[in-house]
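See structure below.
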Amino acid sequence: MSKYPLETIRHSAAHLMAAAVKQLFPGAKFDIGPATENGFYYDFDLDRRLTPEDIKAIEKAMKKMIGRKLPFESYELTRAEAEKALAADQQTYKLERLKDIPDDAVITFYRTGDFVDLCRGPHVDNSGEIGAVKLQSIAGSYFKGDEKNPMLQRIYGTAFASEEELQAYLTMQEEAAKRDHRKLGQELDLFSVSEKVGPGLVLWHPKGAMIRNIFETFWRAEHYKNGYDLLYTPHIGQSVLWETSGHLDFYKEGMYAAMKIDEKDYYVKPMNCPFHIEIYQSRMRSYRELPLRWAELGTVYRYEKSGVLHGMLRARGFTQDDAHIICTVDQIEDEIAEVLRFSLEIWKAFGFTKIKPYLATRPAKAVGDPALWDKAITSLQKAVEKAGFECEVDEGGGAFYGPKIDLKVRDAIGREWQMSTIQFDFNLPERFDMTYIGEDGKKHRPFMVHRALMGSIERFFGILVEHYAGAFPVWLAPEQARILTLTDRQHEFGDALKKELRGLGFRVDVDNRSASLGAKIKDARHDRIPYILVVGDKEMEDHSASVRSRREGELGVLSIQQVIEKLRYDLDNKII
Ligand SMILES: [Zn+2]
Ligand SMILES: [Zn+2]
């Protein structure tokens, strides 16, 4: 363990990289070099384009400086002195950055070897404490992100406290690249995004659509079993709805432009909540009806900048697995505990067991009665404890309209994804004037909670593809078994077997091309088929198949009855 946070190590590594660039390109002009989520970068203005050889040379120079344990020395300058020093070195970008520093701020410089940087810090004490570095890529980047400004060259790298941690990260990144859902989505023919249709809009191909269909059926059945009712609502709503909800005030830039119908403005929905509220408002409600648990697989559209779109993980059109719980103050604690229990059960079905809740509490600016906030936060905390979790608290990190719990889920290669959200809302019940008649015959305001277990089907699907590396378990696999015929003589038997297994509800196909068995096996493996059933003359006679399981390997010859039992077992137990 290093005594420094990773961010400090990485930002210090950015300084070191700049120092190495200065050695190799004495006329270089420097912009800034922050730490990022996975590493660091630095932007440079150089007299020529960087090559991969340059990157190697820069990395080598950095490693040398790590060995020399160069101190990071700081000193202060007045603004006039700082301007003079930067101008003398022709550091035009730094001079621009200096203007952004507030008048009353102390101006500090840090020296590492021959390199001096205008910087606030903090840094490690000496370059030996940076541990291990790796430079990863080069990209173009406009100064201050503005395309009217000059284009600079950006070098990305990463740093860790030790070589072992760096290697573990690089291995994980390699594994993640192999599992990239965009790559696998194409290889396995699951989905695509068409430039003609538009960025961020997902097209589900037959195999992807089959998995989604299985997921949706499972999702609806589980919700119904666990006390939810299912809703359907329209894709568009009038401006008055979005004015009431407040979306046109605080979310307009996330919404698509209005379309005019009969002189009225209609908006494509970015959220489902206002529609659910209108169902609630369709008549007077009594305390006897509460709690209401209303769920919908609701497709929404949100404007996301094209630069942040990322296959299924970040799209512009997506289907939320949404639900709203409307209940009395007395019911809230049990309801939250139940949502949490239910989420964990659903996650388990997909093979995710490492889950961590994060609680976000009241920010400085918030709507709603502070006493209600306290009540809500307590119920969230108690629910987390009841489920047997330690809860990390993000003090003041809640939305202005209510506290929330986020569940972060760890995937097969150790990455943590923010997935489920259980969000209180003190805003919408107020804005829509939602009420119910209590036992006392008087009107009361109900509690409202938004919750999404998987977030959106698209994002969840993208993560599933990466979690399973495309090898979906039998219960989700679009093709659970494939029959491979050895010769043309088994043609009819293959077709009959497919019909028999499909008749029992299994998803089966037959490969009776006159290709070699080797080629057919190769294709079936490429498609990650859970069971490969090879049939020749002998198997045809015995009503059997030579079986290869993706999970268990060669199983030898099994009767078709045994194959059916195996499939059923995997299916019923959701064997991963
Ligand atoms: Zn610095
Ligand atoms: Zn909602």
Side-chain angles (χ1 to χ4, degrees), residues 4-5 7-19 22 30-36 40-43 70-76 82 91 94 97-98 101 105-113 115-127 129-130 159 228 231 233 237 241-242 244-247 250-251 254 269-280 292-300 302 318-327 339 399 401-402 404 420-432 434 446-456:
Y4 300 102
E7 203 184 334
T8 304
I9 291 178
R10 287 173 174 171
H11 171 65
S12 305
H15 273 250
L16 212 58
M17 178 163 76
K22 193 174 164 72
F30 301 89
D31 184 21
I32 52 167
T36 62
F40 61 88
Y41 67 80
Y42 211 115
D43 286 347
L70 299 169
F72 277 74
E73 295 162 326
S74 74
Y75 56 90
E76 287 171 20
Q91 292 299 335
K94 288 281 178 199
R97 296 284 181 186
L98 180 63
I101 299 177
V106 178
I107 296 167
T108 52
F109 283 78
Y110 279 84
R111 181 193 299 281
T112 325
F115 177 68
V116 175
D117 207 350
L118 166 67
C119 186
R120 245 191 338 230
H123 307 96
V124 295
D125 287 338
N126 76 71
S127 59
E129 290 163 320
I130 288 173
Y228 287 78
L231 307 179
T233 63
L241 181 72
W242 306 110
T244 311
S245 68
H247 283 91
F250 64 81
Y251 199 71
K269 67 175 168 185
M271 288 175 201
N272 304 299
C273 342
F275 297 86
H276 291 198
I277 293 174
E278 280 305 294
I279 295 177
Y280 182 87
L292 289 167
R293 303 182 197 100
W294 285 346
E296 179 184 13
L297 292 171
T299 304
V300 299
R302 294 181 188 172
F318 51 91
T319 301
Q320 288 185 298
D321 71 315
D322 212 353
H324 295 99
I325 292 160
I326 304 169
C327 65
V339 170
Y401 50 87
K404 64 168 179 175
S420 315
T421 304
I422 305 169
Q423 168 79 59
F424 268 85
D425 193 332
F426 296 124
N427 187 40
L428 289 182
E430 204 70 39
R431 282 181 162 267
F432 280 86
M434 293 165 75
F447 260 17
M448 178 171 174
V449 171
H450 313 255
R451 59 107 273 213
L453 299 188
M454 338 307 279
S456 81

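Atoms within a ligand are numbered from 1 in the order they appear, just like the ligands themselves. Note that the structure is a prediction, hence the values are computed from the model and not measured.
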Geometry at the Zn ion (ligand 1) - His123 NE2 versus His11 NE2 angle, rounded to 10 degrees: 100°

Roughly how far, to the nearest 0.5 Å, is the OG1 atom of Thr36 from the NE2 atom of His11? 12.5 Å

Of all N/O/S atoms in His324, which lies nearest to the Zn ion (ligand 2)? NE2

Parallel, tilted or perpendicular, as decided by the 30° and 60° cut-offs, for the rings of Phe109 and Tyr75: parallel

To the nearest 0.5 angstrom, please state how far the SG atom of Cys119 sits from the NZ atom of Lys94. 7.0 Å

Looking at the Zn ion (ligand 2), is one of the N, O or S atoms of His450 less than 2.8 Å from it? yes

Show the numbers, then the answer: is there a ring pair (Phe, Tyr, Trp, His ring centres under 6.0 Å) between Phe275 and Trp242? CA-CA 10 Å; Phe275 297 86; Trp242 306 110; 5.7 Å; yes

